[in-house]
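Have a look at the structure below, then the notes.
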Amino acid sequence: LSPASLLNLRPMPRRRGRFLRASVSALAIGGGMGAAGSAGADPCTGDTTTLTCTYTDADELNVIDLSGTGLETVEITNDATLNASTDYQSISSGISADFSGAAGSSDTPGGQAGADVTLTNQGAITMTGSGTPGWTPDNVTGIQIRTNGGDGAQPDSKGDGGRGGDSGQVTITNSAAITIDASAVQSLSVPVYGINVQAEAGAGGDMQSGSGDQRGGNSGDGKAVTLDNSGAITLGSQDNPLRVGTDGRAIRIVTEGNSG
């Protein structure tokens with residue numbers, strides 16, 4: 001595949017700028033929604049194993065939302081100022097990247113590894129809302145990176161369960177301010193994070209019982225997360241404090257193995 005064939009972005013109605021959402025796989029990139037920028041330039045290039053995306057203010061974006069499976073290396077560079085509203089369905093992060101591995105199958109029991117993700121962010125991120133979005137997100141986050149390993153599976157014939165996939169490695173360099181206004185969160189049940197990283201290994205799959213010496217699959221390994229943050233992270237304000245009943249952190253990082 002040529003880099004030009006990898007990304008297919010369809011315009012969506014303009015609301016306070018543009019949204020970019022792409023669906024990525026090891027074979028192709030497509031089925032996404034969003035806009036590639038005012039000049040029509042393609043912000044992402046890559047092949048079947050790598051993806052590189054670069055964004056500037058010329059792209060006129062509110063959020064960056066990328067996801068997919070099957071990639072090995074993802075590099076994201078953002079210099080654009082992002083002003084995201086949680087009023088819009090499914091938008092709860094300024095920058096969101098989920099490149100977790102796929103689960104194993106009965107034919108190929110081993111879980112897939114998550115991609116190694118590198119993010120360099122120099123664009124300020126502000127999250128706001130009107131107070132009545134009509135939906136409840138999993139969390140509200142300035143920057144969210146997920147690269148979990150896929151779970152192992154049970155084989156279709158007698159044999160060992162598949163090993164869980166390793167998580168990807170994550171490297172984040174953030175030098176810009178991240179601000180989450182109290183208006184962006186309308187429910188005490190919604191966690192709030194300035195930066196949220198999840199790099200969890202996949203669980204091992206069950207063995208297929210039968211005569212012989214079968215065993216369940218091992219867990220994958222949780223890989224390293226490196227964060228260099230020099231940007232101010234502000235959750236709420238003195239005049240309008242953030243109210244969170246579950247979890248609220250400037251930085252949350254989880255990297256761990258799983259069950260075998």
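Of the residues Leu235, Asn196, Thr86, Leu242, the one that meets the side-chain contact (heavy atoms from CB on, under 4.5 Å) test with Val140 is Thr86. Of the residues listed (Asp57, Thr56, Asn62, Ile125), the one engaging Thr81 in a side-chain contact (heavy atoms from CB on, under 4.5 Å) is Asp57, and it is the only one.
Proximity of Ile143 to Ile178: side-chain heavy atoms (C-beta onward) are separated by under 4.5 Å at one or more points. Within the 4.5 Å cutoff, the side chain of Asp116 has no heavy atoms near those of the Phe99 side chain. Taking the side chain as every heavy atom from C-beta outward, Asn83 and Met127 never approach each other to under 4.5 Å. Ile172 places a side-chain heavy atom less than 4.5 Å from the side chain of Val170. Considering only heavy atoms from C-beta on, Thr54 stays 4.5 Å or farther from Pro43 through its side chain.
Of all heavy-atom pairs spanning Tyr193 and Ile180, the tightest one is O-CD1, 3.4 Å. Taking every heavy atom of both residues into account, Ala199 and Gly168 meet most closely at CB-O, 3.8 Å. Minimum interatomic distance between Asn78 and Ile64 (heavy atoms only, all atoms of both residues): OD1-CD1, 3.5 Å. For the residue pair Ala201 and Gly257, the shortest heavy atom distance occurs at CB-CA, 3.8 Å.
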Take Asp107 and Ser105, measure what side-chain hydrogen bond (donor to acceptor under 3.5 Å, both in side chains) needs, and give me the verdict at the end.
CA-CA 5 Å; Asp107 294 330; Ser105 66; 5.1 Å; no
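Arg163 has a carboxylate O that lies under 4.0 Å from a charged side-chain N of Asp221, or vice versa, which qualifies the two as a salt bridge.
One N or O on the side chain of Thr255 and one on the backbone of Lys223 form a donor-acceptor pair closer than 3.5 Å. Of the possible polar contacts, none joining the Ser167 side chain to the Gly222 backbone as a donor-acceptor pair under 3.5 Å is found. Proximity of a side-chain donor or acceptor of Gln112 to a complementary backbone N or O of Gly101 within less than 3.5 Å is not detected. Formation of a donor-acceptor pair under 3.5 Å by the Asn240 side chain with backbone atoms of Ser237 is not found in this model. Looking only at distances, no side-chain donor or acceptor of Asp228 sits under 3.5 Å from a matching main-chain atom of Ser230. A donor-acceptor pair under 3.5 Å is formed between the side chain of Thr147 and the backbone N or O of Ala115. Of the possible polar contacts, one joining the Asp47 side chain to the Thr50 backbone as a donor-acceptor pair under 3.5 Å is found.
Note on Leu119 and Val225: same hydrophobic cluster, where clusters join Ile, Leu, Val, Met, Phe, Trp and Tyr whose side-chain heavy atoms are under 4.5 Å apart, directly or indirectly. Follow the hydrophobic side-chain contacts under 4.5 Å out from Tyr55 and you reach Leu51 in the same cluster.
From Asn139, atom CG reaches atom CD of Gln198 across 9.5 Å, with rounding to the nearest 0.5 Å. Taking CD of Gln169 as the start and CG of Asp166 as the end, the distance is 9.5 Å to the nearest 0.5 Å. Atoms CG and CG, from Asn174 and Asn229 in turn, are 5.0 Å apart once rounded to the nearest 0.5 Å. With rounding to the nearest 0.5 angstrom, the CD1 atom of Ile145 is 9.5 Å from the CD1 atom of Ile195. One distance of note links OG of Ser93 with CD1 of Ile95; it measures 9.5 Å at 0.5 Å rounding. Atom CD of Glu256 sits about 9.0 Å away from atom OG of Ser219, to the nearest 0.5 Å.
Residues passing the salt bridge (Lys or Arg N to Asp or Glu O under 4.0 Å) test with Asp79, sequence neighbours excluded: none. With sequence neighbours excluded, the residues that form a side chain to side chain contact (heavy atoms under 4.5 Å, CB included) with Thr171 are Thr118, Thr226.
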